[in-house]
Amino acid sequence: DGFSKIGSYTGNGSSDGPFVYTGFKPAWIIVKNIDNSSNTHWGIFDNARDTNNPNTARVLANLSNVESTTDSNWSFNFYSNGFKPTASSLQANSNGDNYIYMAFAEDPVKYSNAVATLGDGNEFIQDGNYPEDNFKTVLWTGTGNTNYIPVGHNPDLVWIKSRSVQDSHQIYDTIRGNQSGIFSNLDNNESIYTDGRFAFSNNGFTVDTTNSGYNQNNATYVAWTWKAAGSDNTYNILENGTVTSDASASTLGLDTGTITPIKVSANRDNGFSMMNFTGTGTAGDTVPHGLSKPPEFVIAKQYSGADENWFTWHKDYGLSGGEYQYIKLNSTDTPSTFNNQAVWNTVAPSSSLFTLNGGASPNRSGNEHIYYSWHSVPGYSKIGSYVGNGSTNGPTIYLGFEAAFIMTKPTTVSDNWSIWDNKRDPGNPNDQILVPNTNNVETSNNFGRYDININKDNFQILRTDGQINGNNQTYIYMAFAHR
């Protein structure tokens, strides 16, 4: 690990080929199509003859030809933890064809398991930007007194759950501020506290209360934390390792919708943004989300005015009657369209904008709404779906990394959301789930009914419970990398 990788990939026939995870930045790769022997060759690429992306300096191992840098049939991008073909040819990336490869690392110590990516997908970040600098699970035991919880990065979104005491999930973000909590298992609007029970701190956060939801003496807790772009100003975008902040939305290109957000904190490098706005109730209105790619999973909450359910959008929920469907985070529901009201309208999120509905939350007029949005980032996060088989040898879901966090929800049958992580249960099988739509304590040792294995580049379902693996049932998931 971290030095060499031998494997295979399947082509998709596009100029944006499949990301091939290696766990390091390649210095040298050799690739061969094994499904089509007609005029296909062994292609060799390295980082000495071509130091830029796309790498086009190919040598053919099976021929005596000189090097070519202009053959459009061959090109690859090298990332900090893998590579990607960027030609749609038979040689490197024919749709459905299988390819074998061998790769060696440029610098195993420096690049092993770093985050590859982001932004436009043609760049990578190096020199210490690791998954745990962007997402991390932390554990603590309550003290009943001021309790600083170190994270290791400055979190912008903190989702807290008591593990041993029955209490609601508590969610805080740097857009709404230190004392403003919302609860994933309830439809309640925002609770603004004055007792100092939660505060964002340098490289972590502080809980200062005896409340059972945060810091009851000897109770155990978990927090899942995400880094956006901070809150130095009203509008903040992190891209290519640099944060740009301004009091004006137009300066950062965040005034392109019919609604201008109140605040934005968007990390285009790790595919996560937070944005709030005041609803208009007007169908077809648009609002920027701050990312540079379309979100694939969105969690939205009206947090002022009347109590209102949470709404989620996932790229695999699909449409009903031409309308994009939703699932409530605080329920066991399957996808629906809100009594024929188009909650998400009929337009999927674009690379810059959400298109909103005309009345129902999450765009009710005069009320404030918060949107948390993610898209997949190779080697760091993956958003997708799988189909259960009802077997103890359940489906294996390829991620391209070892997961630190996995959240799932069945979409074809009514049942709970589930969250696993690698801190509460660091071994396999992992069966210690928490349920976002209930205030239940941590579920473990339930005869293994929620067992999964978290493997080097995938996770596998090991049980038949309908919450995670009903036969022919569909499940959505979101996962983040460990390291």
Side-chain angles (χ1 to χ4, degrees), residues 1-12 14-34 42-59 61 74-87 91-93 97-135 269-271 376-382 384 396-404 422 454-459 479-483:
D1 287 350
F3 174 70
S4 63
K5 184 77 181 290
I6 298 169
S8 62
Y9 65 89
T10 301
N12 65 12
S14 85
S15 58
D16 183 21
F19 178 79
V20 183
Y21 175 78
T22 59
F24 51 77
K25 186 184 179 189
W28 185 95
I29 63 172
I30 185 170
V31 173
K32 176 69 170 70
N33 185 322
I34 59 172
W42 294 83
I44 297 176
F45 297 80
D46 62 65
N47 64 351
R49 293 177 299 117
D50 193 340
T51 59
N52 298 311
N53 281 335
N55 190 316
T56 60
R58 63 107 175 109
V59 171
W74 295 95
S75 65
F76 291 86
N77 279 353
F78 284 10
Y79 297 101
S80 54
N81 63 350
F83 66 92
K84 176 189 289 189
T86 56
Q91 303 290 351
N93 188 30
D97 280 5
N98 293 300
Y99 296 80
I100 57 170
Y101 71 87
M102 180 167 62
F104 291 92
E106 174 182 292
D107 185 336
V109 175
K110 182 176 182 181
Y111 290 105
S112 181
N113 295 309
V115 178
T117 106
L118 316 169
D120 62 5
N122 292 320
E123 299 179 358
F124 62 88
I125 294 176
Q126 49 186 322
D127 297 326
N129 190 27
Y130 296 94
E132 286 198 347
D133 296 326
N134 297 273
F135 168 84
D269 290 345
N270 72 18
S376 300
V377 168
Y380 167 69
S381 62
K382 186 74 178 295
T396 296
I397 298 90
Y398 176 77
L399 301 173
F401 53 78
E402 181 182 338
N422 67 340
I454 298 177
N455 302 315
K456 200 71 174 178
D457 61 2
N458 64 73
F459 69 96
F480 293 89
H482 164 45
R483 57 181 179 81

I need the E402 CD to N422 CG distance, nearest 0.5 Å. 7.0 Å
Can you name the residues that form a side-chain hydrogen bond (donor to acceptor under 3.5 Å, both in side chains) with N55, not counting sequence neighbours? none
Of all residues at least two apart in sequence or in a different chain, which pass the ring pair (Phe, Tyr, Trp, His ring centres under 6.0 Å) check with F135? W226, F405, F480
Just verifying a value: how many Å separate I29 CD1 and K5 NZ, rounded to the nearest 0.5 Å? 13.0 Å
Drop me the distance from Y21's OH to K456's NZ, to the nearest 0.5 angstrom. 6.5 Å
Could you grab the distance from atom NZ of K84 to atom CG of N53, nearest 0.5 Å is fine? 10.0 Å
Listed partners of W28 passing ring pair (Phe, Tyr, Trp, His ring centres under 6.0 Å), at least two apart: F104
Would you call R58 and D50 a salt bridge, taking side-chain N to carboxylate O under 4.0 Å as the test? no
With D46, which residues qualify under salt bridge (Lys or Arg N to Asp or Glu O under 4.0 Å), at least two apart? R49
Partner set under side chain to side chain contact (heavy atoms under 4.5 Å, CB included) for S15, not counting sequence neighbours: none
Do F83 and F45 make the cut of ring centroids closer than 6.0 angstrom? no
Non-neighbouring partners of F459 that pass ring pair (Phe, Tyr, Trp, His ring centres under 6.0 Å), sequence neighbours left out: Y477
Roughly how far, to the nearest 0.5 Å, is OH of Y79 from CZ of F19? 7.5 Å
